[in-house]
Amino acid sequence: MEIEKAINECSDQRLQTKYKNATYVIRRTFALYSFEEIAFSFNGGKDSTVLLHLLRAGFFLHNKDRGFSGSETDSKKECAIRTIYFETPCAFPEINSFTYELANTYSLQLEIIHSDFKSGLEDLLKKKSTKAILLGTRIGDPNAVGQEQFSPSSFGWPPFMRVNPILDWSYRDVWAFLLTCKVEYCSLYDKGYTSIGSIHDTVPNALLSFTDSDNGEHFKPAYLLSDGRLERAGRARKYPSKDDNVLTVSNGNSTDECSSKTLSASIIAVGDEILFGLFEDQMGVSLCKKLHAIGWQVTHQSVVRNDVDSVAEEVEERMSTNDMVFIFGGLGPMHSDVSVAGVAKAFGVRLAADEEFEEYLRHLIGDHCTGDRNEMALLPEGITELLHNDVLPVPLIKCRNVIVLTSTNVTELDKEWDCLLTLPNTPLVQMAPFSSKHLSTMLSDVEAAQTVAQLCLDFPDIYIGSHRRSRAGPLIISFVGKDQERIDLAAAALSGKFPLGAFNEYR
Ligand SMILES: Cc1cc2nc3c(=O)[nH]c(=O)nc-3n(C[C@H](O)[C@H](O)[C@H](O)COP(=O)(O)O)c2cc1C
Ligand SMILES: Nc1ncnc2c1ncn2[C@@H]1O[C@H](COP(=O)(O)OP(=O)(O)OP(=O)(O)O)[C@@H](O)[C@H]1O
Ligand SMILES: [Mg+2]
């Protein structure tokens, strides 16, 4: 069997392990259900193409388990499995023809369905007993969250077992398999498509784009995409989220379109030591300054305990009301390092092993991790993006609009911040910066209060506030906003209401 042979003969141990696990799930499926009760959900995409060949290999091994030795001469025709294809006019013609071509080559028993997934499956199950459906779902797919290798269909769907043999395969594993086994895949993947939906929502992945000497735009093949997490970058998002406000502005260096807008951020420090008063948080202060300098408004800064629920509660509250949330502290392998788990809980997803991150950690700390898995490589499933920058030993972790900072002091933060700002798709859009002016006076609070309150009504676009450095010292009135002229006007209006010299500029 050529697939089994190609994998056994390759030197990629990781691929061999993935193959072994996936074919084990397939063998068990053939052992649990009768051949006629199993269907393969195939659509010509790369993941289902991988599954097709794993199915062929798994079926071959299953027969071997039972003492049947298949004829080596016609291994292509051996696994004539029921194959369901939901055909729509919105599919790419290349995908459609590839699906039919492979079905023909491998003698798949095609059952074409022309309705949507749910009603199509309802009709199918009424007509034919179908107990298990094999899918090419992988962790990271939006619909994979919460699924296992064997997952019953969801409530409200007709009853069947969803079997996901390649659930734990990464983008890299998929391409390692297709290239190692030298099997045919849909031609769109050589044209820069990395994950294929409908003709209406899929374009080649911009991360594979390059310009040739004639200035024409071209795309590298899908297997050259280095960060598999971005395989869906060629897919249009169906539902805009609050996160999109930040992400759709592509280059952080441009302030033109954003000059009047302000984006908001919250900062969460995680640390019992800060709450015990043993350790002073300097990073929060520094982050406030940095965000302010790029025109962002910090709406909240908090310190929470090293406790999953405390972190989750705080993240959940902040992420829904802010464009971005920064969290630091509570990261690492210690029992008290629960920040990442808290973020996962806030989004209602579980932690899953992230192979790309694990590899970075292995480079950094070697194989000194406990047990089979490096606990630090467990990241929130399906929502995590790694933000790479060569200057950093490990990438920054971004879960939707929550950025997990790994820095432990202000110097490290400076480095992470610079990296964040220079990322090609930085989530930190640089807005028009804030300006400020401060006036000091020896007037009492009571004397100034009423005039300042009226000024706030007259200048709603300017933040006007006051503070004292000491009870006996001067009162300082601050004017903060994005329009220097308005700030000057507000400051002059205040001075004008009092005798000359009552207010002086304070720097
Ligand atoms: C055979 C099959 C079974 C499915 N079973 C379920 C299910 O049990 N629950 C569910 O919510 N969605 C189910 N779906 C829908 C998928 O989760 C998902 O919405 C679909 O694959 C579309 O993915 P896309 O939006 O990325 O194209 C099923 C789809 C297929 C093809
Ligand atoms: N139209 C369809 N008909 C049958 N099965 C489908 C269809 N669309 C999706 N599926 C099933 O859902 C799985 C996941 O779909 P998904 O689009 O993520 O993967 P893919 O199409 O195989 O590869 P790619 O991610 O490159 O598009 C597929 O592998 C297949 O099993
Ligand atoms: Mg697809």
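Ligands are counted one by one from 1 in listed order, and the atoms in each one are counted from 1 as well. None of these values were measured; they are calculated from a predicted model.
The ring-ring contact (aromatic ring centres under 6.0 Å, His included) test with Y185 singles out one residue from Y223, F98, Y193, W175, and that residue is W175. Paired with S170 under the rule side chain to side chain donor-acceptor pair (under 3.5 Å), one option of R138, R14, E231, K18 passes, and it is R14. Across F40, Y106, F42, a single residue satisfies side-chain contact (heavy atoms from CB on, under 4.5 Å) together with L55, and that is F40. Shown are N389, L392, L396; of these, the side-chain contact (heavy atoms from CB on, under 4.5 Å) with L420 is made only by L396.
Between L135 and ligand 2, not a single N/O pair is under 3.5 Å apart. Looking at Y85 next to ligand 2, no N or O pair under 3.5 Å apart turns up. Distances between N or O atoms of T137 and those of ligand 2 include no value under 3.5 Å. Of the polar atoms of S154, at least one N or O is found under 3.5 Å from an N or O of ligand 1, judged by distance alone. An N or O contact shorter than 3.5 Å is missing between G197 and ligand 2 by distance.
Using a 4.0 Å cut-off between charged nitrogen and carboxylate oxygen, E111 and K127 do not count as a salt-bridge pair. Of the charged side-chain nitrogens involved, at least one lies within less than 4.0 Å of a carboxylate oxygen, so that E359 and R172 count as a salt-bridged pair.
With hydrogens left out, the protein atom closest to atom 1 (N) of ligand 2 is F86 O, 3.0 Å, a heavy atom. Among all protein heavy atoms, the one lying closest to atom 17 (O) of ligand 2 is R235 NH2, 3.5 Å. Among all non-hydrogen protein atoms, the one lying nearest atom 22 (O) of ligand 2 is S48 N, 2.8 Å. Remark: minimum distance from atom 19 (O) of ligand 2 to any protein heavy atom is reached at D47 OD2, 3.1 Å. Among protein heavy atoms, the minimum distance from atom 24 (P) of ligand 2 is reached at K46 NZ, 3.4 Å. Here the protein heavy atom with the shortest distance to atom 6 (C) of ligand 2 is S41 OG, 3.6 Å. The protein heavy-atom contact nearest to atom 27 (O) of ligand 2 is I196 N, 2.8 Å. When only non-hydrogen protein atoms are considered, atom 21 (O) of ligand 2 lies nearest to N43 ND2, 2.9 Å.
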Q: Apply the test side-chain hydrogen bond (donor to acceptor under 3.5 Å, both in side chains) to residues S209 and E217: give CA-CA distance (whole Å), side-chain angles for both, the deciding distance (0.1 Å), then the verdict.
A: CA-CA 7 Å; S209 153; E217 191 183 24; 2.9 Å; yes
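A donor-acceptor contact shorter than 3.5 Å links the side chain of Q16 to the backbone of C10. Side-chain N or O atoms of N96 include none that pairs as donor or acceptor with a backbone N or O of P93 at under 3.5 Å. In this structure, E416 contributes its side chain and S407 its backbone to a donor-acceptor pair below 3.5 Å.
In the vicinity of G45, heavy-atom distances shorter than 4.0 Å reach the ligand 2 atoms 20 (P), 21 (O), 22 (O), 23 (O). Close approach of ligand 1 to S153 is summarised as follows: ligand atoms under 4.0 Å from at least one heavy atom of the residue are 8 (O). With ligand atoms numbered from 1 in the order given, ligand 1 contributes 26 (O) to contacts under 4.0 Å with heavy atoms of R232. Of all atoms in ligand 1, listed by their number and element, those nearer than 4.0 Å to a heavy atom of L135 are 1 (C), 2 (C), 30 (C), 31 (C). Contact atoms of ligand 1 toward N143: 16 (C), 17 (O), 18 (C), 21 (O) (distance under 4.0 Å to a heavy atom of the residue).
Contacts between T194 and ligand 2 below 4.0 angstrom, taking non-hydrogen atoms only, involve the backbone exclusively. Only the side chain of F160 comes within 4.0 Å of ligand 1, counting heavy atoms alone; its backbone N, CA, C and O stay farther away. Contacts between S41 and ligand 1 below 4.0 angstrom, taking non-hydrogen atoms only, involve the side chain exclusively. In F40, neither the side chain nor the backbone holds a heavy atom less than 4.0 Å from any atom of ligand 2. At a heavy-atom distance under 4.0 Å, only backbone atoms of I84 (N, CA, C or O) approach ligand 2. With a 4.0 Å cut-off on non-hydrogen atoms, R162 touches ligand 1 through its side chain and not its backbone. No part of Q147 comes within 4.0 Å of ligand 1, judged by heavy-atom distances.
Annotation for V349 and P380: closest pair CG2-CB, 3.9 Å, computed over non-hydrogen atoms. Counting all heavy atoms, side chain and backbone alike, S151 lies closest to E148 at OG-N, 2.8 Å.
If you take CG on L291 and CG on L428, they are separated by 7.0 Å, rounding to the nearest 0.5 Å. For the atom pair OH (Y360) and NE2 (H388), the distance works out to 4.0 Å, reported to the nearest 0.5 Å.
Environment of OH in Y24: sparse, with no more than 12 heavy atoms of neighbouring residues, nucleotides or ligands closer than 6.0 Å. Counting heavy atoms of neighbouring residues, nucleotides and ligands inside a 6.0 Å radius, atom CZ of R82 exceeds 12 of them.
Selection from I133, T130, L134, L121 by nearest heavy atom to atom 3 (C) of ligand 1 gives L121.
The closest approach between any non-hydrogen atom of R232 and ligand 2 is below 4.0 Å. Using a 4.0 Å heavy-atom cutoff, Y189 is listed among the residues neighbouring ligand 2. Ligand 1 does not have T137 within reach: every non-hydrogen atom of the residue lies 4.0 Å or more from it. Taking a 4.0 Å cut-off on heavy atoms, Y193 fails to register as neighbouring ligand 2.
Distances from the Mg ion (ligand 3) show that I196 has an N/O/S atom below 2.8 Å.
For atom 29 (O) of ligand 2, the protein comes within 4.0 Å by at least one heavy atom.
In summary, the aromatic rings of F117 and W157 are positioned with their centroids too far apart to meet the 6.0 Å limit.
With a 4.5 Å cut-off on side-chain heavy atoms, F59 and M1 do not count as touching.
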